[in-house]
Amino acid sequence: MQLRYNFRVYPTPAQQHALARAFGCARVVFNDALRARQTARENDQRYLSDGELSKQVITLAKATPERAWLGEVSAVVLQQALADLNNAYRNFFASVTGKRKGRKVAPPRFRSRKDNRQAIRLTRNARFVVLGNGRLRLPKIGDLAVRWSRELPAEPSSVTIVRDATGRYFASFVVMTKQDEIMPAAESEVGIDLGLTHFAVLSDGTKVAAPRFLRQAARRLARSQKSLSRKVKGSNNRKKAVVKVARAHARVADTRRDWQHKLSTAIIRDNQAVYVEDLCVAGLGRTRLAKSVHDAGWAGFTGMLQYKADRYGRAFARIDRWLPTSQTCSECGRVDGPKPLSVRSWTCRCGSVHDRDINAARNVLAAGQADNSNDRGAQVRPASVLAPRREAVTHSDAARSTRSVERISAAL
């Protein structure tokens, strides 16, 4: 499988200038290509192919005085900018036609030099190389100093140089990992119930407290934001304040990502199968709990669990988000009805006393195991039975008016 490895790089001032020139050239090619396709659409002309677009905005543009400086950077950087545009169009068309599932994808937009993130990508055609002294050699940029936190498992197929909002530079390598990274088999399986008070509650009773990194840094972030609001727009002091705010947010994001990596690795290492609930994070992010939901970072954590399970030979599955895991008794299977969030424990009619979160995690585990059994052809649900006669007949009041039906549906 393909994985991405990120490392911090430290370019010299001259190399920073060369990278800024490469960022600008890639941005201009992307915008010129997008403008050319938009113009062709407005004039009822046919869709420009990739080859025609490359010839127009790169090959012919280099011969003009206005775009002659495009030759100062690697041609692979410009071609990859066009590849990004083509990929954005493919995602947009797939979303419009329904081939792409999930949230709708907007059409490509123009890039700006004021964007917080600037990036260029080089493939093997660019002949980038990791030197024996640990430096990364890039064409027309030079040898970059890299802080290697670990070794690459294989030769990278591409590298992306990223400059974030804080002014830090990163090298992101794409490598194809080997198949010999399968972990030894584990006997246990686990279901995970994600929450806000406890970040994760496991079906074995383990509760992981929510670290709330954003809440802890709220006072420091507030001071930085207030300092930024007092600065005059366009001044150098305002630019420095913007970087200071970005660094505060980057510190929170980095700390959260590091903590989630450690937790997800421990869960994958200790369990053969992991099951989580398919939460609608986008919907929860529009409620009054939005700040806490975004601070938790559920989507990033479940994404880590999924790719690590694929990498190390573990099973991973998401159960249906509409299953009443918090309302169902994990002992007898009785659905006891909805309960407010203030109810943290409840007693089922069968006599079982449940912790709300642990009971939900056990139901997540049972649902995930049932789905896996169904994939192997086993009978995991009761077989169909004939309805009782009193439920199969047609009642005299079946032909009720549409208004009464709507009233009953609204009441339910």
Side-chain angles (χ1 to χ4, degrees), residues 2 4 17-129 136-142 155-164 169-176:
Q2 282 189 343
R4 188 175 292 275
H17 181 73
L19 287 173
R21 182 168 58 245
F23 294 149
C25 291
R27 183 175 60 249
V28 167
V29 169
F30 183 94
N31 291 341
D32 288 348
L34 179 57
R35 188 178 297 106
R37 280 186 170 161
Q38 289 182 351
T39 303
R41 181 177 180 273
E42 292 172 357
N43 297 333
D44 295 332
Q45 299 176 356
R46 63 184 182 84
Y47 184 81
L48 294 176
S49 65
D50 299 348
E52 295 173 342
L53 203 60
S54 175
K55 181 179 179 180
Q56 178 177 338
V57 302
I58 297 180
T59 306
L60 297 180
K62 288 181 179 180
T64 63
E66 295 81 6
R67 294 288 188 267
W69 36 265
L70 291 178
E72 299 177 2
V73 301
S74 173
V76 177
V77 172
L78 308 182
Q79 291 293 341
Q80 290 301 308
L82 287 184
D84 291 340
L85 178 63
N86 296 330
N87 188 38
Y89 266 112
R90 281 193 296 269
N91 292 335
F92 170 64
F93 293 146
S95 178
V96 170
T97 57
K99 296 180 180 179
R100 181 187 175 96
K101 304 301 181 182
R103 302 178 66 182
K104 296 297 182 182
V105 178
R109 66 170 182 86
F110 290 101
R111 293 179 177 177
S112 172
R113 62 182 179 86
K114 297 181 180 180
D115 291 341
N116 292 332
R117 183 181 184 274
Q118 302 287 339
I120 57 172
R121 184 171 62 254
L122 298 98
T123 60
R124 290 177 179 175
N125 296 334
R127 297 181 181 179
F128 69 90
V129 61
L136 173 63
R137 175 167 294 177
L138 301 179
K140 298 188 178 182
I141 294 177
E155 288 293 329
S157 60
S158 67
V159 60
T160 303
I161 306 299
V162 181
R163 183 184 185 275
D164 64 3
Y169 292 84
F170 295 90
S172 179
F173 297 92
V174 175
V175 299
M176 181 67 70

Supply the atom-to-atom distance [X] [atom1] to [Y] [atom2], rounded to the nearest 0.5 angstrom.
X: R163; Y: L19; atom1: CZ; atom2: CG; answer: 10.0 Å
X: N87; Y: L82; atom1: CG; atom2: CG; answer: 12.5 Å
X: E155; Y: R124; atom1: CD; atom2: CZ; answer: 7.5 Å
X: L34; Y: F110; atom1: CG; atom2: CZ; answer: 4.0 Å
X: L78; Y: F30; atom1: CG; atom2: CZ; answer: 13.5 Å
X: R127; Y: R137; atom1: CZ; atom2: CZ; answer: 13.5 Å

Do side-chain atoms of [X] reach the backbone of [Y] as a donor and acceptor pair under 3.5 angstrom?
X: K140; Y: G71; answer: yes
X: D115; Y: S112; answer: yes
X: T64; Y: A61; answer: yes

Check whether NZ of the Lys or CZ of the Arg R37 lies under 6.0 Å from the centre of the six-membered ring of Y89 and within 45 degrees of that ring's axis.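 Output yes; distance and angle both within limits.
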Determine whether [X] and [Y] make a side-chain contact, defined as any pair of heavy atoms from C-beta on separated by less than 4.5 Å.
X: D84; Y: R121; result: yes
X: C25; Y: V77; result: no
X: R67; Y: D32; result: yes

Might you work through the side-chain contact (heavy atoms from CB on, under 4.5 Å) test for Q80 and I120, ending with a clear yes or no? CA-CA 8 Å; Q80 290 301 308; I120 57 172; over 6 Å; no
Which atom names give the shortest non-hydrogen contact between [X] and [Y], and what distance separates them?
X: P156; Y: V175; value: CA-CG1, 3.7 Å
X: A22; Y: V73; value: CA-CG1, 3.7 Å
X: A106; Y: F92; value: C-CD1, 3.7 Å
X: A33; Y: L53; value: CB-CD2, 3.6 Å
X: V159; Y: A171; value: CG2-CB, 4.2 Å
X: A81; Y: A26; value: CB-O, 3.5 Å

How far apart are the C-alpha atoms of I161 and L136, what are their side-chain angles, what is the distance that settles it, and do they pass the side-chain contact (heavy atoms from CB on, under 4.5 Å) test? CA-CA 11 Å; I161 306 299; L136 173 63; 4.2 Å; yes
Exceeds 12 heavy-atom contacts within 6.0 angstrom, atom [atom1] of [X]:
X: E72; atom1: CD; answer: yes
X: R35; atom1: CZ; answer: yes
X: K55; atom1: NZ; answer: no

Do S172 and R4 get their side chains close enough for a donor-acceptor pair, meaning under 3.5 Å?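 A pair is found: one side chain offers a donor N or O, the other an acceptor, under 3.5 Å apart.
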So if I apply the side chain to side chain contact (heavy atoms under 4.5 Å, CB included) rule between S95 and each of R103, R100, R90, which one comes out positive?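 Result: among R103, R100, R90, R100 is the only option passing the side chain to side chain contact (heavy atoms under 4.5 Å, CB included) with S95.
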Which residue in the set V28, N31, V29 passes side chain to side chain contact (heavy atoms under 4.5 Å, CB included) when paired with R111?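 Between R111 and the candidates, side chain to side chain contact (heavy atoms under 4.5 Å, CB included) is satisfied uniquely by N31.
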D164 vs N116, side-chain contact (heavy atoms from CB on, under 4.5 Å): CA-CA, chis, key distance, verdict: CA-CA 6 Å; D164 64 3; N116 292 332; over 6 Å; no
Mind checking whether F128 and F173 have parallel, tilted or perpendicular rings, split at 30° and 60°?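 The arrangement is tilted - the two ring planes meet at 30° to 60°.
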